[in-house]
Q: 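Sharing a structure here in C-alpha cells format.
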Amino acid sequence: MPGNPGFLRPKDDDDETPAFKIDRPDLKQDSQTTFIYNRNSQLPLDAQRRKLPVFKSRDSFLYLVEQFQVVVVVGETGCGKSTQLPQFLLESGYSSQAGKMIGVTEPRRVAATTLATRVAEERDCPIGTTVGYSIRFDENFSRELTKIKYLTEGILIRELMGDPLLNSYSAIILDEVHERTCQIDIIMGLLKKVLKRRKDLKLIISSATVDAEYIRDFFNRGQVKKKEIATILSIEGRHYNVDVHYLKSPCADYVKGCAEVATKLHEKETAGDILIFLTGMDEVDSCVDHLEKYSERAGESRHGFKMLVLPMYGALSPGRQLKVFRPAPRGFRKVVVATNIAETSVTIDGIVHVIDSCFVKQAWFNAETFTDSLIISEVSQASGEQRAGRAGRTAPGKCYRLCREEDFLKLPLNTPPEIQRTDLSLAILQLKALGIDNIVRFEFPSAPPSRNLICGMELLYALGAIDDQGDLTKPLGEQMAELPLPPTISKMLLSSGEMGCTKEIATIVAMLQVENIFAQGKSDKVKVLKRQFEVEEGDFLTLLNVFYAFEKQGMSKKWCNSNALRYKALKRAYDLREQLFKVLRRFEIPMATTSDKESVLKCIVMGLFPNAAYLHPSGEYKSIRGDVTLKVHPTSVLYTEKLSPYLIYNEINHTKHIYMRDVTSVDPVWLEVLAPHFYEKRRVSERVLF
Ligand code: ADP
Ligand code: MG
C-alpha cells in the first residue's frame, strides 16, 4: 500500500489505519448501481441513438475493426460505448454466421441485465431473443436467436472452460476495462492466446480513461514480424483546460478540508457547480451535513447564490441519484459530494470546480490477515487527472487538490490493477481449470506479486483444491473452480454432503452472499426483534434461523416488516439457494439435512478454517495465522456475548480496527482434526493458555 509523507490521515489514534468507518456494501460488487441518466429520453429511440457521440465514429470504428483484430475504444461515460458498439457490429454483419454471437462482458451483474434490456428495447425485440444476458445464477438468451449477449466477466471465464476457443462468438467486447478487475486481466491474458488461434475473432476493449496505450501494447507485444494487431480509437469528447491548485501545507482532516474549500469557493466564485471527491458513504454524508449547516447559517453568497448540497454514491436510491443530474434551480449552486463513482462511472454536467481529497477506498490483499480488506489510500496521479478532468467538460474549469504539489508528484503514476492488490486464490483456481498449469509463466497484462501468488497456492493446497504437484484435484478442485464463490466458501459447500448438512450449509452460503438481511436501525425495538433469532454459537446459525423462520412463515413480506427483516434480501437468498441446490445436484452431492448443530459447525470449519482466531490472555482475539489483533464486529451476535476461546470468521473489515464479520465459536479440536495439515496439533494447543 502506498504511504507518502505529507498525506496525513484524519484523526488516527492507532497510526496506520484509517479513521473512517468503511461500509460493507462496497465490498460486494452488486450493491454499486451504475446509474444511467438519459438527457434525450423524450426523443424516439432511434433519434436518441443518433445523438450519441459514438455515432459519429461509427464508420471509423467499423473500418478499424476490419483492419485490426483488437480495437481499444476510449470514450467518456455516456458516449454510447456499451449500448452502441455491439449494435454497430451486429448491423454490419459480424454475427450473421449461424451460431456466432457478439459477447459483451460487464464487471457488474446489474450492468449486464440493464444494458441487455436497454439494447433489446432499442432493437425493438423481447429480451432473451436477439439480445440476451447471462449472469451468475441467472440467464435469459436463446442459443438459436441471440446475437448480442451481455455477460459478466466471471461467466465468460466459465464459458472459456467449456469452449476454450470461444467458438460461439464472432466478437467479444470487454467493457469498462479501466476498472482492471482480476477477471478482466485474466480474460485479456487468455484472449491473447485465443486470438492467435482464431484470426477471425474480433476483440473490442472499451475504456473510459486514457491508459489505453498500455492495453494496446500488451496485445501487440510478441506478435510475429512485429505485426500490430491492436489499435486505439478515441471518441471525440471536448475537453477544456483545467487549472490545478494545491495546498501549501498538508491537510489533517480531508473531509472537513473539502467542505471548507467548497464554502470558500462558493463565497468567492460567481458561478459553476462544485464536485467533491471523497472515499465512502459515511464521509460523503458527514461532508454533506457540514455543508448544509454552513448553508443554513450563511444563506445567500454575495453573488446571490444559495448552496444545493447533494450526496452521490452507489448505495443511494435511484430517485436520489437522479437529483444530482438535474440542473440546479435558479439562484442555487449545486455542490455534489461523491465517492469514486463520479470518477468514471457517471458523468455530471455543469461541473466547473472539482475538489479532490486525493484519497480512495480500495481492496488490498493483507498479508497479515491473508485476506482482502478495504483500505483508504492515496489516489494515483492518473486518477487525480481523471478526477480533475471532470471539471472541464463544458467550460474551462478548476481543480483543488487537498495536498501539496510535491506530495502529489510522489504518488504512484497509475492505480495498480486488482490482480496486483487482491487475493488470488479464485483466479489461480480458474486458470488451472483453463489448463494454465504454470501460473507464474502466464502472460498477465500486469504480473501479480509472487508473494500473493504463493499465498493463494498455499490456501488452495490447504483446502484440498490442488495436490502437491500443483494440479487441480478431482473432483473437489475442479468443482471449486466452477463455483463463482470464494474457495473457502466453495469448500464448505462441497463438503456439506459428506457432513450430512447440505440444506443447512447451502442456506448459510446463500445468506452470506446477500447484504443487509436485518433492517437498519439502532433502536431498541430492532435489537429486541433481532434477538429472537440469535443463538449463542454466533452469526452463521443465526442466519440459518432467520431463513428457516422466513420459510415457515410462508415467505411473507408482512412478517418480514414486523420482524425488522428485509424481504427483498431474504427473497434473494431464497433464489440463490435454489441455484446452489441445482449446482450441487449436478455435482451429485447428496442432499442431506440435519438438526445436529455440531455437524453444521464442523462443515463450516472445513472451508473457513484458515480464518480462525483465538482468545489471547490479554482478552483480545488474535488470528491463528499471523497473530494479528482482531475484533468482533459490532453487528455480530457475538459482539456482546461472553468471549469464546476460538472463533471462525467469514470476512475481514479493516477500518479503525481489524474487524471479523460473520463469526461463530468453534471447538479448537475441530481445527486440528479437520485441518491437520494447516494447524499442526502443537501449534493450536500451544495457544490454549487459559
Ligand atoms: P457508455 O457505455 O459510453 O457509458 P452507454 O452506451 O451505456 O454509454 O449509454 C449511452 C446513452 O444511452 C446514455 O447516456 C443514456 O442516454 C442512454 N442509455 C443507456 N442505457 C439506458 C437505459 N437503461 N435507460 C435509458 N437510457 C439509457
Ligand atoms: Mg458503458
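Both backbone and side-chain heavy atoms feed into the values below; hydrogens, waters and symmetry mates do not. Remember, it's 1-based here, ligands and their atoms both numbered in the order they're listed. Positions are given from 1, in the same order as the sequence printed here.
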Q: Give the residue and atom name of whichever protein heavy atom lies nearest to atom 17 (C) of ligand 1, and the separation in Å to one decimal.
A: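 Ranking protein heavy atoms by distance from atom 17 (C) of ligand 1, first comes N38 ND2, 3.9 Å.
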Q: Looking only at distance, does S82 have an N or O less than 3.5 Å from an N or O of ligand 1?
A: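 Min N/O separation from ligand 1 is below 3.5 Å for S82.
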Q: Does R390 pair with E76 as a salt bridge, N-O distance under 4.0 Å?
A: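 Yes, R390 and E76 are salt-bridged.
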Q: Just checking: S206, one of its N/O/S atoms, less than 2.8 Å away from the Mg ion (ligand 2), yes or no?
A: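 Of the N, O and S atoms in S206, none lies under 2.8 Å from the Mg ion (ligand 2), which means no.
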Q: Where do R421 and P416 come nearest, in terms of heavy atoms and distance?
A: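 For R421 and P416, the tightest heavy-atom pair comes out as NE-O, 3.0 Å.
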Q: Got an N/O contact under 3.5 Å between E122 and ligand 1?
A: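 Min N/O separation from ligand 1 is not below 3.5 Å for E122.
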Q: Residue-level breakdown please: for K81 versus ligand 1, do any non-hydrogen atoms fall below 4.0 Å on the side chain, on the backbone, on both, or on neither?
A: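 The answer is both.
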Q: Give the atom numbers and elements of ligand 1 that come within less than 4.0 Å of a heavy atom of T83.
A: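 Within the 4.0 Å cut-off of T83, ligand 1 contributes 5 (P), 6 (O), 9 (O), 10 (C), 19 (C).
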Q: Can you check whether T114 has an N/O within less than 3.5 Å of an N/O in ligand 1?
A: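 N/O-N/O distance under 3.5 Å: no.
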Q: Check for me whether G75 has a heavy atom closer than 4.0 Å to any atom of ligand 1.
A: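 Distance cut 4.0 Å: G75 fails for ligand 1.
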Q: Is it the case that ligand 1 has an N or O less than 3.5 angstrom from some N or O of L52?
A: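 Such a contact does not occur with ligand 1.
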Q: Compare every heavy atom of T181 with every heavy atom of P107, then report the nearest pair and how far apart it is.
A: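 Distance-wise, the nearest heavy atoms are CB-CG2, 4.3 Å.
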Q: Counting non-hydrogen protein atoms only, what is the nearest one to atom 4 (O) of ligand 1? Give residue, atom name and distance.
A: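 In this structure, atom 4 (O) of ligand 1 has G78 N, 2.6 Å as its nearest protein heavy atom.
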Q: Can you name the atoms of ligand 1, numbered from 1 with element, that are less than 4.0 Å from a heavy atom of T77?
A: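 Going through ligand 1 atom by atom, the ones under 4.0 Å from T77 are 4 (O).
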Q: For E76, take its heavy atoms, then give the atoms of ligand 1 lying under 4.0 Å from any of them.
A: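 Answer for ligand 1: 3 (O).
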Q: Just list the side-chain donor-acceptor pairs under 3.5 Å for residues 65-72, sequence neighbours left out, or say none.
A:
unit_1: E66; atom_1: OE2; unit_2: Y94; atom_2: OH; d: 3.1
unit_1: Q69; atom_1: NE2; unit_2: L195; atom_2: O; d: 3.1
unit_1: Q69; atom_1: NE2; unit_2: R198; atom_2: O; d: 3.0
unit_1: Q69; atom_1: NE2; unit_2: L201; atom_2: O; d: 3.3

Q: At less than 4.0 angstrom from any non-hydrogen atom of G80, what atoms of ligand 1 do you find?
A: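 Every atom of ligand 1 under 4.0 Å from some heavy atom of G80: 1 (P), 3 (O), 5 (P), 6 (O), 8 (O), 10 (C).
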Q: Of all the non-hydrogen atoms in the protein, which one sits nearest to atom 25 (C) of ligand 1, and at what distance?
A: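 The closest one turns out to be R118 NH1, 3.3 Å.
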Q: Of all heavy-atom pairs between I235 and K81, which one has the smallest distance, and what is that distance?
A: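 In this case the closest contact between I235 and K81 is CD1-CG, 4.5 Å.
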Q: Quick one: does NZ or CZ of K192 land under 6.0 Å from the six-membered ring centre of F218, within 45 degrees of the ring axis?
A: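 So K192 does make the cation-pi contact.
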Q: Would you call the rings of Y400 and H353 parallel, tilted or perpendicular, where under 30° means parallel and over 60° means perpendicular?
A: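 Ring orientation, 0 to 90° scale: tilted.
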Q: So which heavy atom on L570 is nearest to which on C560, and how close?
A: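 Closest heavy-atom pair between L570 and C560: CD1-SG, 3.9 Å.
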Q: What is the nearest protein non-hydrogen atom to atom 18 (N) of ligand 1, stated with its residue, atom name and distance?
A: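 Nearest protein contact, heavy atoms only, for atom 18 (N) of ligand 1 is I36 CG2, 3.6 Å.
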Q: If I apply the N/O under 3.5 Å rule, does L115 come out as touching ligand 1?
A: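 In this structure, L115 places no N or O atom under 3.5 Å from an N or O of ligand 1.
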Q: Please report the closest heavy-atom contact between L434 and M161, naming both atoms and the distance.
A: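 Heavy-atom minimum between the residues: CD2-N, 3.5 Å.
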Q: Could I get the full list of side chain to side chain contact (heavy atoms under 4.5 Å, CB included) partners for A47, not counting sequence neighbours?
A: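 Per chain and number, A47 pairs via side chain to side chain contact (heavy atoms under 4.5 Å, CB included) with L43, P44.
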